[in-house]
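Structure provided below as structure tokens; questions to follow.
Quick caveat, the model's predicted, so the values are computed rather than measured.
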Number of protein chains: 2
Amino acid sequence: MTKDRLVLLSQHCGDCPIRHRAVCARCDADELRELEAVKYYQKFHAGQSVINAGERMEFVGSVVSGVATLTQTLEDGRTQMVGLLLPSDFVGRPNRAHAAYDVVATTDLMMCCFRKAPFEKLLETTPHITQRLLEMTLDELDAAREWMLVLGRKTAREKIASLLASIANRSNADAGAGCISRQVFDLPITREAMADYLGLTLETVSRQMSALRREGVITLNGTRNVTVPDPTKLSAAAGNDAGIAV
Amino acid sequence: MTKDRLVLLSQHCGDCPIRHRAVCARCDADELRELEAVKYYQKFHAGQSVINAGERMEFVGSVVSGVATLTQTLEDGRTQMVGLLLPSDFVGRPNRAHAAYDVVATTDLMMCCFRKAPFEKLLETTPHITQRLLEMTLDELDAAREWMLVLGRKTAREKIASLLASIANRSNADAGAGCISRQVFDLPITREAMADYLGLTLETVSRQMSALRREGVITLNGTRNVTVPDPTKLSAAAGNDAGIAV
DNA sequence: CGCAGAATTGATACATCTCAAGCTGGGTGG
DNA sequence: CCACCCAGCTTGAGATGTATCAATTCTGCG
């Protein structure tokens with residue numbers, strides 16, 4: 001199932017599109033060289049499994065391009081997404097032998113992988129890596145807690161609006177700051193994945209998307225392309241402070 | 001509201017009950033001395049606010065004894081607990097000026113506080129602190145993700161059972177490993193706090209507690225003291241793998 | 001063109017919320 | 001010492017939001 005992975009040869013970190021956002025962000029030239037010694041690139045195609053819960057982890061790494069999901073599954077098949085991995089996000093848990101979650105590529109995916117044991121050694125000897133990973137982990141913890149509020153206390157409509165707002169903000173951030181007045185973006189995931197993200201069924205996701213469209217909060221071009229004519233309205237629908245940004 | 005805090009004088013880290021589990025766990029004698037230079041103790045009584053979301057943070061720190069909760073609130077009053085802080089747990093986010101959550105003492109609480117700016121400097125210069133904080137943050141992230149599965153995909157009954165199982169395990173761990181056959185513990189929180197933890201109403205919590213009692217999964221002595229005659233049954237009720245531990 | 005996966009829509013069932021009424025136990029003041 | 005009180009908790013009846021089951025309808029692609 002995972003044997004048709006494509007392993008690429010090394011390439012220089014200097015050219016890397018995530019050089020200044022990933023776990024290597026604080027590294028100087030010497031430290032980068034140490035990372036390069038233990039790294040390799042690996043390509044996954046859309047739908048392919050990166051690692052399954054319970055499997056032995058041979059590497060940790062960064063998403064270079066593409067999107068992956070982190071999910072947890074109960075024996076009866078109920079699944080909950082617990083992370084959405086975008087470029088520069090870190091995958092894997094140092095000092096743990098087995099994966100806790102399923103990681104699946106939802107688009108074609110390029111990973112920068114570090115062999116696990118030597119990376120763990122670098123964490124002991126290279127403060128710039130540990131410091132950056134701490135910073136990123138604290139950010140993820142905040143995101144997870146924000147998400148807990150969405151899962152625990154928001155209505156289906158608010159959940160959808162929250163997800164759309166968060167994706168809109170991230171694509172805006174990537175595209176550089178700019179017009180807040182009108183946002184257009186593509187959903188990187190299916191309705192089913194949205195449902196798994198939000199603790200809903202895909203039918204409810206579909207119904208609420210339609211409702212938001214009917215009410216003019218969003219417009220759809222096909223099923224995946226979303227435009228938000230008035231971000232204030234979306235923010236209000238998400239239950240965020242009547243749209244008053246902090 | 002927070003002016004009746006009790007600030008205590010320094011005391012030696014060597015005697016500290018959380019010395020080997022908290023953020024200082026990896027520190028040697030020299031490093032402890034550096035921490036002692038920026039630390040102070042602060043006592044809060046049950047119900048008192050430790051810090052409010054949006055306030056400027058003057059310190060980060062560790063719970064020494066007692067229990068505190070981390071909560072997030074929407075403007076209309078809906079609240080979601082996003083963390084339950086027990087002894088040795090870390091409070092606060094280095095490199096962030098303002099608190100993101102409300103922290104409230106639910107029992108009398110002793111905090112070991114580090115002045116924020118000097119602590120941030122120590123993170124730059126003392127790898128043992130950064131490494132330990134990274135480890136703790138990764139653990140919390142895992143806990144948050146486990147919790148997301150509970151919030152998003154479990155039924156009310158399973159949510160309650162999951163919470164009881166997790167509290168039972170933690171009190172067992174504290175009391176030292178031992179008899180797995182029969183667990184007795186006190187709930188450190190009210191039904192309302194349980195509801196905020198699980199994304200339920202307090203009425204639903206109460207009903208499900210009664211249901212678990214009727215079915216013999218738990219026994220109650222008063223409202224707070226729980227005994228679990230058969231942990232396998234509780235684990236099954238929590239939706240965990242038919243009770244087969246991993 | 002036609003097929004398969006993805007998405008929408010409808011009808012109904014059910015879990016949880018909401019509103020409301022009582023209960024319980026521990027503390028306080030008369 | 002008792003009566004009262006109050007926060008915490010339980011229980012009930014009805015309302016409501018979301019899940020479930022079941023057709024269709026889209027959409028992209030070979």
Every protein N/O lying under 3.5 Å from an N/O of nucleotides 19-25 of chain C:
unit_1, atom_1, unit_2, atom_2, d
dC19(C), N4, E203(B), OE2, 3.0

Check your understanding: Among dA7(C), dT18(D), dT11(D), which is the nearest nucleotide to the side chain of A156(A)?
Key ->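 Of all the options, the side chain of A156(A) is nearest to dT18(D).
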Review point. Would you call E215(B) and R157(B) a salt bridge, using N to O less than 4.0 angstrom?
Key: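 Looking at E215(B) and R157(B), the cut-off is met.
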Review point. What is the distance from CZ of R157(A) to P of dG17(D), rounded to the nearest Å?
Key: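 Roughly 12 Å, once rounded to whole Å.
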Review point. Can D139(A) and R93(B) be counted as an ion pair, charged N to O under 4.0 angstrom?
Key: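 Between R93(B) and D139(A) there is a salt bridge, with a charged N closer than 4.0 Å to a carboxylate O.
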Might you list the N or O atoms of the protein lying below 3.5 Å from N or O atoms in nucleotides 26-28 of chain C, with each pair's distance?
none

Exercise for review: Using side-chain hydrogen bond (donor to acceptor under 3.5 Å, both in side chains) as the criterion, list what pairs up with D15(B), not counting sequence neighbours.
Suggested key: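 Testing D15(B) for side-chain hydrogen bond (donor to acceptor under 3.5 Å, both in side chains), a comparison that skips the adjacent residues, returns none.
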**Study point:** Ionic contact status for R78(B) with E158(A), cut-off 4.0 Å
**Key:**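 So E158(A) pairs with R78(B) through a salt bridge.
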Exercise for review: Can you figure out which of dT18(D), dT10(D), dT8(C) approaches the side chain of R191(B) most closely?
Suggested key: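 It is dT10(D).
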Check your understanding: Taking the side chain of R224(A) as its heavy atoms from C-beta onward, which of dA7(C), dT18(D), dT10(D) lies nearest to it?
Key ->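 That would be dA7(C).
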Point to revise | Contacts of D108(B) that satisfy side-chain hydrogen bond (donor to acceptor under 3.5 Å, both in side chains) - sequence neighbours left out | key: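 side-chain hydrogen bond (donor to acceptor under 3.5 Å, both in side chains) list for D108(B), sorted by chain: empty.
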Point to revise | Spacing of I218(B) atom CD1 relative to dT10(D) atom P, expressed in whole Å | key: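 Computing the I218(B):CD1 to dT10(D):P distance gives 9 Å.
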**Study point:** Among dA7(C), dT18(D), dC17(C), the nucleotide that comes nearest once only the side chain of L200(B) is considered
**Key:**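 Selected nucleotide: dC17(C).
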Review point. Axis-to-axis angle across the helix from dC1(C)-dG30(D) to dG30(C)-dC1(D), five pairs an end, to 10 degrees?
Key: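 Rounded to the nearest 10 degrees, the bend comes out at 30°.
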Identify the pairs formed between an N or O of the protein and an N or O of nucleotides 28-30 of chain D at a distance under 3.5 Å, and give each distance.
none

Check your understanding: When the distance from CG of L198(B) to C1' of dC17(C) is rounded to whole Å, what number comes out?
Key ->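 It works out to 15 Å between those atoms.
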Exercise for review: Let me know the distance between CD of Q208(A) and P of dG17(D), rounded to the nearest Å.
Suggested key: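 For the pair Q208(A) CD and dG17(D) P, the rounded distance is 10 Å.
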**Study point:** Protein-nucleotide distance (L220(A), atom CG; dA7(C), atom C1'), rounded to Å
**Key:**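 It is 11 Å, rounded to the nearest whole Å.
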Point to revise | Side chain of T201(B) (C-beta onward), nearest among dT16(C), dC9(D), dC17(C) | key: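 Nearest listed nucleotide: dC17(C).
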**Study point:** Modelled atom types, side-chain donor and acceptor of T232(A) and S235(A), under 3.5 Å
**Key:**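 There is no such pair (donor and acceptor under 3.5 Å, judged by atom type) between the side chains of T232(A) and S235(A).
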Review point. Do S166(B) and N169(B) have a side chain donor and acceptor closer than 3.5 Å?
Key: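 Side-chain D/A pair, S166(B) to N169(B): absent.
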